[in-house]
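Encoded as structure tokens, the structure appears first; notes follow it.
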Amino acid sequence: MKHVRPFLLLVFATLAGLALFVSRSDANPETIKRIAPGVYFREGDMEQGHCNNVIVEMKDYLIVVDANFPSGARAAMADAKRISPKPVKYVFDTHHHGDHLYGNSLWTQAGATTLAFKGVAEELKRFEPARWEEAAKSRKDVAELNQPGPEPPKQDINELQYVLNDGSRKVEFRHFGWAHTKGDGFVYLPKEQVLCTGDAVVNGPYNNTADANVANWPSVLQAAGKLKVKFVLPGHGVDAGPELISGQAQFMTELHKAVKAGVEQGKKLEELQASIHLPETVKNWVSERSLKTQIKDAFDQIQAPRQ
Ligand SMILES: [Zn+2]
């Protein structure tokens with residue numbers, strides 16, 4: 001049977017190669033999907049807490065959207081190498097959350113420049129290193145970096161827009177205001193009509209509203225929705241079309257509306273958590289557990305509005 005083994009190895013190698021490139025629309029964690037020439041969507045494994053990544057190929061280098069957790073960063077780095085021999089020059093942190101940014105130092109050690117809108121550095125100052133220390137208790141990949149806290153982005157973007165254009169492709173980094181977090185950044189490829197949203201848009205019941213501005217969220221998405229978009233690459237969940245932006249905006253509108261009406265009627269938080277049901281049209285974003293937390297966050301934000 002000895003002669004069979006090389007053949008089997010070849011089959012496995014081929015299958016492994018195929019597994020890297022998928023085109024199914026359902027969940028396929030830790031795989032790469034080609035969205036447009038030189039634009040790749042990497043779906044993160046939620047069980048490992050990973051966010052999604054986007055890899056954009058330029059003439060001489062790669063841009064990666066989101067640093068991910070350290071273990072996700074290593075996995076995305078390996079996939080980037082498989083896609084192209086070009087170095088990763090920029091890693092854009094869409095926001096300050098650990099699953100999008102705690103891998104920063106691994107990317108900079110590998111020679112990349114991390115960058116984000118200035119609100120990201122501001123929020124890191126507010127929340128860190130407390131969250132890092134908390135994450136290190138349960139996440140080996142964070143603990144074993146032996147850092148006092150997350151590495152902030154090396155480059156802050158102080159304008160509402162920053163553009164990279166090397167002649168082969170134009171990449172726009174855009175800030176439309178406070179939605180999921182104060183420093184929310186989008187990455188837009190105008191020619192390919194691709195919009196990478198970070199967690200300002202997610203596909204499924206994955207909305208974390210703790211650091212959000214729920215009241216302002218729909219306005220941010222309305223601004224983003226004015227861009228010409230064919231492909232939406234969310235921070236969590238599978239890729240979709242532009243309807244994902246309007247659906248997510250509708251979810252936030254309904255959440256805010258329902259909680260605000262309850263507050264105006266003098267209802268207590270517990271009453272609202274027990275009674276609020278959002279319309280069928282936004283059920284893609286609803287799970288019983290996450291909705292209770294989102295109602296609490298919206299409730300708190302209505303008592304003390306964020307701006
Ligand atoms: Zn987030």
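Because the structure is predicted, anything quoted here is derived from the model rather than measured. Start at 1 and go down the list; that is how both ligands and their atoms are numbered.
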>> More than 12 heavy atoms of other residues, nucleotides or ligands under 6.0 Å from CD of Glu243: yes or no?
In response: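 Yes - once you tally the heavy atoms of other residues, nucleotides and ligands closer than 6.0 Å, there are more than 12.
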Basic-acidic side-chain contact under 4.0 Å: [X], [Y]:
X      : Y      : answer
Lys89  : Asp166 : no
Glu133 : Lys137 : no
Lys33  : Glu43  : no

> Do Ile157 and His175 touch side chain to side chain, with heavy atoms closer than 4.5 Å?
Replying inline: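 The answer is no, as the side chains (C-beta and beyond) never meet within the 4.5 Å cut-off.
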> How about the Zn ion (ligand 1), which protein N, O or S atoms come within less than 2.8 Å?
Replying inline: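 Short answer, with waters excluded from the count: His95 NE2, His97 ND1, His180 NE2, Asp199 OD2.
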>> Under a 3.5 Å threshold, yes or no: a donor from one side chain and an acceptor from the other, between Ser105 and Gln147?
In response: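 Judged by distance alone, the side chains do pair up.
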